[in-house]
There are 2 protein chains.
Amino acid sequence: MPSSGLRWDIIELLFFAYRDFVGDADQELEAFGFGRAHHRVLHFVHRYPGLKVADLLDVLRITKQSLGRVLKQLLDEGYIVQKAGSNDRRQRLLFATPKGEALVGKLATLQTERLNRALRGIDPAGLETIRQFLRAMIDRDDPDKVLEAIFGLAPSGPKHKEQT
Amino acid sequence: MPSSGLRWDIIELLFFAYRDFVGDADQELEAFGFGRAHHRVLHFVHRYPGLKVADLLDVLRITKQSLGRVLKQLLDEGYIVQKAGSNDRRQRLLFATPKGEALVGKLATLQTERLNRALRGIDPAGLETIRQFLRAMIDRDDPDKVLEAIFGLAPSGPKHKEQT
DNA sequence: TATATATGTCAATATGGCTGACGTAATTTT
DNA sequence: AAAATTACGTCAGCCATATTGACATATATA
């Protein structure tokens, strides 16, 4: 009988699985002079077109200074464009350009290929179990705009407490 | 019909799930002045007692210079000890001390609590599906010593091609 | 003995986090 | 209309963790 009940095996599998999963993209990104940070930004801007800078900060949980560097590169090199918000013109709504779509699509293709290989032999019910597991692994207190979309929650009110 | 068939939702769930999963440990590690790198080293040394430095380099896929810094701290502060290999006395076999076991156990407890919450409502067959999925996500070409243990493979011969 | 291996270490560099401070434009509050 | 707040950008500097290249030491092997 396992005296501790700690899930060492799953902890370890998650480490290796995630390492190899992001490794696919890492290799490709190198060719563009980008890193994981760029991928994350591009991914969420692609998935949630018109995302505000503030939303992105909530999702990525980094500071605006850190985001600034990466975002500037993506803007300068034409992977993302900004448009002023129509209601609130202070906001910079972010959109992926065709060039940006192409890159994020290429990266998603690589990762999807790995996922498809891993899901071979797993039936739709099994896939739902995996989805359920992953969703339940995520913190749901103080969800950001993207998590609200994923979980289909009611918006939890304004955020953006001062961050300095 | 989805024209691309890209698994955007799973890609995204993996990002959030892993972020929150490692976030549990990150918080605790801060109190010790350690980072994720220390956790990874301590984890694998705990799980595979007597691991050589070279094995650890294979598993973590970092350079010995990067490992050196982190490992030195763990040794200096008494979380890990070295013993010379009995066959080959050049080797430094690594072992977690009771102090090291305590820390890695505390971290695994935090992560296990999240896993248990996430696994609530998933039956043993579902857990096996999740395990199968995670294992299948991992690269198995050129497996290191730890992956050989995980997958129950025959050793794939000597490694340690020159790394400079 | 000569060479190769396992490990450690010095020095320099890059990425991507962080904090603190400040500026500007636009919106909201008073 | 003036004041305060918000959304965003940016400068400067710090830290952790990764990198490459070079070299030293002890031990093993040919």
When only distance counts, do a donor and an acceptor, one from the side chain of [X] and one from the base of [N], lie under 3.5 Å apart?
{"X": "B/Lys64", "N": "C/dG8", "result": "yes"}
{"X": "B/Arg92", "N": "C/dT7", "result": "no"}
{"X": "A/Gln65", "N": "D/dG13", "result": "no"}
{"X": "A/Arg90", "N": "D/dT6", "result": "yes"}
{"X": "B/Arg69", "N": "D/dA18", "result": "yes"}

Query - Cationic tip of B/Lys145 above B/Tyr48 ring, under 6.0 Å, 45° of axis - result: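 Geometry flag: not set, cation outside 6.0 Å or 45°.
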
**Report entry** Quiz item: cation-pi between B/Arg140 and B/Phe151, 6.0 Å / 45°
**Finding:**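 Positive - B/Arg140 is close enough to the ring of B/Phe151 and near enough to its axis.
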
What integer distance in Å separates [X]:[atom1] from [N]:[atom2]?
{"X": "A/Arg89", "N": "D/dG9", "atom1": "CZ", "atom2": "P", "value": "15 Å"}
{"X": "A/Leu57", "N": "D/dA7", "atom1": "CG", "atom2": "C1'", "value": "10 Å"}
{"X": "B/His38", "N": "D/dA18", "atom1": "NE2", "atom2": "P", "value": "9 Å"}
{"X": "A/Leu71", "N": "C/dG17", "atom1": "CG", "atom2": "C1'", "value": "16 Å"}
{"X": "B/Ile62", "N": "C/dG8", "atom1": "CD1", "atom2": "P", "value": "13 Å"}
{"X": "A/Asp55", "N": "D/dT6", "atom1": "CG", "atom2": "P", "value": "16 Å"}
{"X": "B/Glu30", "N": "C/dG17", "atom1": "CD", "atom2": "P", "value": "16 Å"}
{"X": "B/Lys72", "N": "D/dA16", "atom1": "NZ", "atom2": "P", "value": "16 Å"}

Query raised in the report: Closer than 4.0 Å, any side-chain N/O of B/Gln82 to the OP1 or OP2 of C/dG8?
Result: yes

Requested in this report: Considering just the side-chain nitrogens and oxygens of A/Thr63, establish if one lies under 4.0 Å of OP1 or OP2 belonging to C/dC18.
Outcome: yes

**Report entry** First of B/Asp88 and A/Leu93 reached from the 5' end of DNA chain D, by closest nucleotide
**Finding:**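 Mapping each residue to its closest nucleotide by heavy atoms, the 5'-most match is A/Leu93.
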
Report task. Determine the interplanar angle of the B/Tyr79 and B/Phe34 rings, folded into 0 to 90°, and report it as parallel if under 30°, tilted if 30 to 60°, perpendicular if over 60°. Result -> perpendicular

Query - Lys/Arg N to Asp/Glu carboxylate O, A/Asp20 vs B/Arg61, below 4.0 Å - result: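 The answer is yes: the pair qualifies as a salt bridge.
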
Query raised in the report: Does a side-chain N-to-carboxylate-O contact under 4.0 Å join B/Arg114 and A/Asp139?
Result: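 Here B/Arg114 pairs with A/Asp139 in a salt bridge, since their nearest N and O are under 4.0 Å apart.
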
Query raised in the report: With a non-hydrogen cut-off below 4.0 angstrom, is B/Gly35 in contact with a base, only sugar-phosphate, or nothing?
Result: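 Touches sugar-phosphate only.
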
Query raised in the report: How is B/Asp26 classified with respect to the nucleic acid when contacts are heavy atoms under 4.0 Å: base, sugar-phosphate, or nothing?
Result: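 The answer is nothing, as B/Asp26 stays clear of every strand by at least 4.0 Å.
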
Requested in this report: Map B/Val53 and A/Gly33 onto DNA chain C by nearest heavy atom, then report which one ends up closer to the 5' terminus.
Outcome: B/Val53

Report summary line: Comparing A/Phe34 with A/Ser86, nearest DNA chain C nucleotide closer to 5' gives the residue A/Phe34

Requested in this report: With the side chain of B/Gln91 defined as its heavy atoms from C-beta on, choose the nearest nucleotide among C/dG16, D/dA7, C/dA6.
Outcome: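 Looking only at side-chain atoms, B/Gln91 lies closest to C/dA6.
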
Query raised in the report: Is a donor on one side and an acceptor on the other found under 3.5 Å between the side chain of B/Ser66 and the backbone of B/Ile62?
Result: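 A pair under 3.5 Å: no.
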
